[in-house]
Every structure is written in C-alpha cells, then in structure tokens.
Student: 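Okay, here's the structure, questions in a sec.
First listed ligand is number 1; within each ligand, the first listed atom is number 1. Note that the structure is a prediction, hence the values are computed from the model and not measured.
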Amino acid sequence: MTDLVAIARSLMAPGKGILAADESVHTATARLADYGISTSADMRRQFRDLFIGAEGIEQYLSGIILFSETLLQKGSDKKLFPKSLVARGIFPGIKVDLGTEPFPESSHELITQGLLDLPERLMQYKKQGAVFTKWRAVIRIDGDDLPTNVALHENAKRLASYAKEVQSAGLVPILEPEILLEGKHSRIRARAVIEEMFQTLFSVLAEHSVDRASIIVKTSMALSGSASGKKDTPEEVAEDTVAALVASVPPQVAGIVFLSGGQTPDQATANLAAITRRANEAGAPWPLTFSFARALQDEALEVWKGKEENVPAARSAFLARLAKVSAALSSM
Ligand code: 13P
C-alpha cells in the first residue's frame with residue numbers, strides 16, 4: 001500500500017516547495033496572451049518545458065502540479081514530463097477539479113465541479129504517474145454579504161468528497177479553498193474568512209472520515225483586497241495569516257502551502273518570509289511552504305516571450321526566483 005503520509009511529508013521537505021504548473025487550457029491561453037504568446041498544444045508543451053526542463057529545480061521543488069494535458073506530453077529531452085520529474089526526485093501531481101461554475105443557490109458565488117467521474121480519472125492519472133492531486137475552490141469576499149454560509153459549506157463538502165476519493169485511490173490530496181484577492185475588503189475581513197472557511201472545512205472532513213495526516217492544505221495569505229487601496233506590510237500579513245491558520249487548521253495535517261494569488265513575485269516572497277518568521281515565533285505546529293504559480297513563473301515568461309532563443313535566460317530568471325522563495329523559508 002502507498003504510504004500517503006510519507007509522500008505528503010516529503011512534499012513538505014525543508015527548503016523545498018511546490019510549483020503549480022496546472023493552468024487549464026483556458027487559463028494557460030490567457031496567461032500566455034499576457035506576454036504576447038499565442039497558444040497551441042505545442043506552445044503549451046513548450047511553456048511547461050520551460051519550467052520542468054530547467055536544470056537544478058530539484059534543489060528547490062519537492063513537487064510540481066500538472067494539468068491533465070501535460071501528463072501525456074514530452075519535454076525537449078523526449079521524456080514524458082512525469083517521468084522526467086520522477087528521475088529528478090520531484091513528485092508529479094495533477095489538478096483534478098474541472099473548474100468552477102456559478103452556484104445555483106447564490107448566483108454571485110462559484111462552486112467547483114469534477115466529482116462525477118473522479119474515481120475513473122484518478123485511476124488514469126495514477127497510471128500516468130501522478131502521486132498527488134489538487135482541488136481548488138474559489139471564495140469571493142463582498143462586504144459582509146459574501147461568502148455565504150451555504151457556499152462555504154457546499155465547497156467544503158466537495159473538497160471533502162474529493163479528498164476521500166483521492167485517499168482511497170492511493171494519492172495525496174491538496175485541498176485549496178482560495179480566498180480571492182479581488183475586492184475592496186480589509187485584511188482583517190480576509191483573515192476572518194480564511195478562518196471560517198477552514199473551520200467549516202475541517203468539521204466536514206471529520207464527518208467524511210478524511211485522514212488529516214496525509215492531506216496538505218493550500219491557502220491564500222490574509223491580504224487587503226486589491227481594490228481596497230490598502231498596501232499591507234509583510235508583518236501585518238504574517239500576523240493575520242498565522243493567526244487565522246492557528247485558529248482553524250489542526251496540527252495533524254501534513255502541511256500548509258501558500259498560493260500567490262496575484263501578488264507580485266517580490267511581494268509573495270517577502271510575505272512568505274514574514275509568515276515563516278511569525279509561524280516560528282508562534283510555535284505553529286505544521287510545516288509551511290510555497291505552492292505558487294504566477295509568482296514563480298511571471299518573471300521567466302516576461303523574458304521568454306515564446307522564443308526558443310530566450311529559453312536559457314528565462315530559465316535563469318525562474319531559478320533566481322526559486323532561490324529567493326526557498327530562502328524565504330529559512331527566515332528566522
Ligand atoms: P497562483 O500562485 O498564481 O495564485 O496560483 C496558485 C494556484 O495553484 C491557483 O490554483
């Protein structure tokens with residue numbers, strides 16, 4: 001039997017983190033368009049290869065979350081991406097949710113889809129080399145009106161069903177209820193919503209008898225909304241993020257990882273360093289690390305622009321950011 005706790009703990013290895021390279025076709029198309037790159041299946045393959053094929057990433061990455069299309073694609077070394085990762089001691093993961101749709105009971109909120117054929121897809125992803133998975137729920141804050149309890153609860157139920165299926169299939173689940181940065185809300189409101197979401201989630205996980213020791217939680221940092229006009233200091237972010245997590249995430253989980261959520265690479269890195277320091281001071285019980293997409297990829301994409309001749313310089317930019325983010329994990 002697969003030792004899920006051991007895999008989850010290895011994903012949280014000191015000094016290492018997880019790259020989220022799991023943008024759906026739709027999101028990857030939009031992301032590449034931001035850099036003037038028009039997309040095709042092969043352009044997306046080159047986009048993944050830019051990061052996966054970079055020499056030396058195993059020093060900083062314990063895992064990479066892939067998208068289903070990428071599991072079947074090959075890098076310029078002619079190896080399937082999951083095989084090339086395993087050869088370097090990096091765990092291949094897979095995003096298994098199928099995106100969001102409007103929630104019928106509260107039309108301004110979103111609900112995540114993908115449970116119906118999940119067991120069959122998990123078998124397939126496992127055969128294709130995935131050892132861990134991710135499911136993302138999306139939580140929007142709007143004043144005191146959103147999120148509604150019913151949307152928090154429905155997203156928590158789906159995260160719990162997902163986690164249960166994934167553990168039965170012998171894979172590690174990452175549960176990601178993302179609190180969106182977009183909005184006018186205060187950092188204190190974001191902190192309260194993070195806390196409420198995780199309290200709801202862990203009570204539903206207990207009802208579904210999900211094993212906490214082999215789950216990883218992926219969270220937003222507590223930040224003032226992007227339209228609030230407020231710029232938080234790393235110390236403020238750290239104080240509220242750690243407080244929310246200490247109040248709501250049980251010590252048994254294998255670890256907590258952070259998404260970057262639209263922060264600049266420097267902001268996400270500085271906030272991660274402050275969170276690490278604060279968590280150490282507070283004696284927080286779980287290991288922490290990063291699981292960024294944009295904050296790890298943006299600088300490299302800016303250099304790459306979809307051009308073969310820019311690959312070495314783009315990879316250097318990626319490795320430089322990885323080194324900074326990894327250094328943030330040893331902030332004391
Ligand atoms: P960002 O770091 O760009 O927020 O992406 C992380 C992620 O996995 C979102 O689902």
Student: Anything under 30° is parallel, anything over 60° is perpendicular, the rest tilted; go ahead and classify Phe290 against Phe292.
Tutor: tilted
Student: For side-chain contact (heavy atoms from CB on, under 4.5 Å), just list the numbers for Ile37 and Phe47, CA-CA rounded to whole Å, side-chain angles, deciding distance to a tenth of an Å, and then say yes or no.
Tutor: CA-CA 10 Å; Ile37 307 166; Phe47 162 49; over 6 Å; no
Student: For atom 3 (O) of ligand 1, which candidate among Arg136, Arg294, Gln263 holds the nearest heavy atom?
Tutor: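 Closest candidate by heavy-atom distance is Arg294.
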Student: What residue and heavy atom of the protein are closest to atom 5 (O) of ligand 1, and at what distance?
Tutor: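 Result: Ala293 CB, 3.2 Å.
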Student: What orientation do Phe318 and Phe51 show, parallel under 30°, tilted 30 to 60°, or perpendicular over 60°?
Tutor: perpendicular
Student: So, 4.0 Å and heavy atoms of Lys218: is ligand 1 close enough to count as a contact?
Tutor: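 True for this residue.
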Student: In terms of side-chain heavy atoms, does Thr269 have a donor or acceptor partner in Arg321 at a distance below 3.5 Å?
Tutor: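 Distance-only check passes for Thr269 and Arg321.
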Student: Salt bridge or not for Glu236 and Lys231, using N-O below 4.0 Å?
Tutor: no
Student: Would one find an N or O of Ser260, backbone or side chain, under 3.5 Å from an N or O of ligand 1?
Tutor: yes
Student: Name the closest protein heavy atom to atom 9 (C) of ligand 1, giving the residue it belongs to and the distance to 0.1 Å.
Tutor: Glu176 OE2, 3.3 Å
Student: Salt bridge or not between Asp298 and Arg294? Use side-chain N to carboxylate O under 4.0 Å.
Tutor: no
Student: Would Arg140 and Glu109 pass as an ion pair if we require N to O under 4.0 Å?
Tutor: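 No salt bridge links Arg140 with Glu109.
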Student: State plainly whether the residues Arg315 and Asp49 are in salt-bridge range, i.e. N to O under 4.0 Å.
Tutor: yes
Student: Using non-hydrogen atoms of the residue, decide whether Gln297 is closer than 4.0 angstrom to ligand 1.
Tutor: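 Contact check Gln297 vs ligand 1: negative.
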Student: For Lys134, counting its heavy atoms only, list the atoms of ligand 1 lying under 4.0 Å from any of them.
Tutor: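 Once the distances to Lys134 are compared, the set is 7 (C), 8 (O), 9 (C), 10 (O).
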Student: Can you name the atoms of ligand 1, numbered from 1 with element, that are less than 4.0 Å from a heavy atom of Gly261?
Tutor: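 Per the distance check, 1 (P), 2 (O), 4 (O).
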Student: For ligand 1, is any non-hydrogen atom under 4.0 Å from Ala20's backbone (N, CA, C, O), its side chain (CB onward), both, or neither?
Tutor: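 The answer is the side chain of Ala20.
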Student: Mark the output for Ala295 as yes if a heavy-atom distance to ligand 1 is under 4.0 Å, and as no if none is.
Tutor: no
Student: Output yes when the distance from some N or O of ligand 1 to some N or O of Leu259 is under 3.5 Å, and no in every other case.
Tutor: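 Between Leu259 and ligand 1 (N or O atoms, distance only) the closest approach is not under 3.5 Å.
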